[in-house]
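Structure first, commentary second.
Here, residue 1 is the first one in the sequence, and each next residue gets the next number. Just so you know, these numbers come straight off a predicted model, no measurement behind them.
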Amino acid sequence: MKIDLSKIEGEPIRFAETIGLDANRLDPTGTIGPMEVRLEGIVRPVGDHFIVDGRTSARGELSCGRCLESVDWQMDSTFDLEIALADEAPLDPELALGEADLDVVYLEEPLLDLDKLAVEQVVLEMPIRVLCSEECAGLCPRCGANRNVEGACRCEPEADPRWAALKDLAGGTPAE
Ligand SMILES: [Zn+2]
Ligand SMILES: [Zn+2]
């Protein structure tokens, strides 16, 4: 959904939306399935600008950084931003870097895209890596089996490359 800012005439507008975001709009490698995001807040005209205050909450499943199994995740955070229309953007980039303008978002059209806002807020909060548990054993580097499952595979442990180098120095594989 988009909020038409040109329709705001002096009065603040409230919004409250539940948005389903596909994994490919978030982090496709770390997100499993769609994430349900609740976005609510208020848009207030202040002079030529708009101030948006809101709250984002989301829940979904991320994938474990070691074994790729799903891990429940949820977030709840608040945000505030200032919006100006692009035609007001200072032409001189030096001016655009003024302290007070740091958090201003310039929009080409007077439309506040709530889906996009939801994506930005969720991505900001998403951890770079989650683990299903601190002890997660991950996947077998040889066959890809989930080593948290007992008896997942019968692969030998990876040879330590440092020992392999020592064996080479000793002139071949020692007899077993
Ligand atoms: Zn795991
Ligand atoms: Zn294996």
Any non-hydrogen side-chain atom of [X] less than 4.5 Å from a side-chain atom of [Y]?
X    : Y   : result
W73  : I32 : no
L114 : I3  : yes
C64  : S70 : no

Hydrophobic cluster identity match, [X] and [Y], side-chain contacts under 4.5 Å:
X    : Y    : value
V130 : L124 : no
V123 : L21  : yes
F50  : L81  : yes
V119 : V52  : yes
Y106 : I51  : no

Atom [atom1] in [X], atom [atom2] in [Y]: separation rounded to 0.5 Å?
X    : Y    : atom1 : atom2 : value
L117 : K2   : CG    : NZ    : 13.0 Å
I13  : D4   : CD1   : CG    : 8.0 Å
L62  : I128 : CG    : CD1   : 12.5 Å
T31  : L26  : OG1   : CG    : 5.0 Å
L85  : L5   : CG    : CG    : 7.0 Å
C140 : E156 : SG    : CD    : 10.5 Å

Quiz item: Please walk me through it: do M126 and D27 pass side chain to side chain contact (heavy atoms under 4.5 Å, CB included)?
Solution: CA-CA 9 Å; M126 268 171 79; D27 168 11; 3.7 Å; yes
Quiz item: After noting the C-alpha distance and the side-chain angles of T18 and R38, does the key distance pass the side chain to side chain donor-acceptor pair (under 3.5 Å) rule?
Solution: CA-CA 4 Å; T18 301; R38 179 77 182 164; 2.8 Å; yes
Closest non-hydrogen atom pair, [X] against [Y]:
X    : Y    : answer
L68  : L139 : CD1-CD1, 3.9 Å
F79  : R55  : CE2-N, 3.6 Å
N146 : A152 : O-CB, 3.0 Å
F15  : I42  : CE2-N, 3.7 Å
A118 : V37  : CB-CG1, 4.0 Å
E61  : M35  : N-CE, 4.4 Å

Quiz prompt | K7/E9 salt bridge by N-O under 4.0 Å criterion | solution =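 Looking at K7 together with E9, the answer is no, because their closest N to O distance does not fall below 4.0 Å.
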Quiz item: Any Lys/Arg nitrogen of D72 or R59 sitting under 4.0 Å from an Asp/Glu carboxylate oxygen of the other?
Solution: no
Practice problem: Sequence neighbours left out, what passes side chain to side chain donor-acceptor pair (under 3.5 Å) with D113? Give chain and number order. | Solution: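 D113 satisfies side chain to side chain donor-acceptor pair (under 3.5 Å) with no other residue.
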Exercise. Please step through side chain to side chain contact (heavy atoms under 4.5 Å, CB included) for the pair E82 and V46, ending with a clear verdict.
Key: CA-CA 9 Å; E82 184 172 349; V46 176; over 6 Å; no
Between [X] and [Y], is there a donor-acceptor pair closer than 3.5 Å when you use the side chain of the first and the backbone of the second?
X   : Y    : result
R66 : C136 : yes
D22 : N24  : no
D76 : S57  : no

Quiz prompt | side-chain hydrogen bond (donor to acceptor under 3.5 Å, both in side chains) pairs, two or more places apart, involving residues 115-133 | solution = none
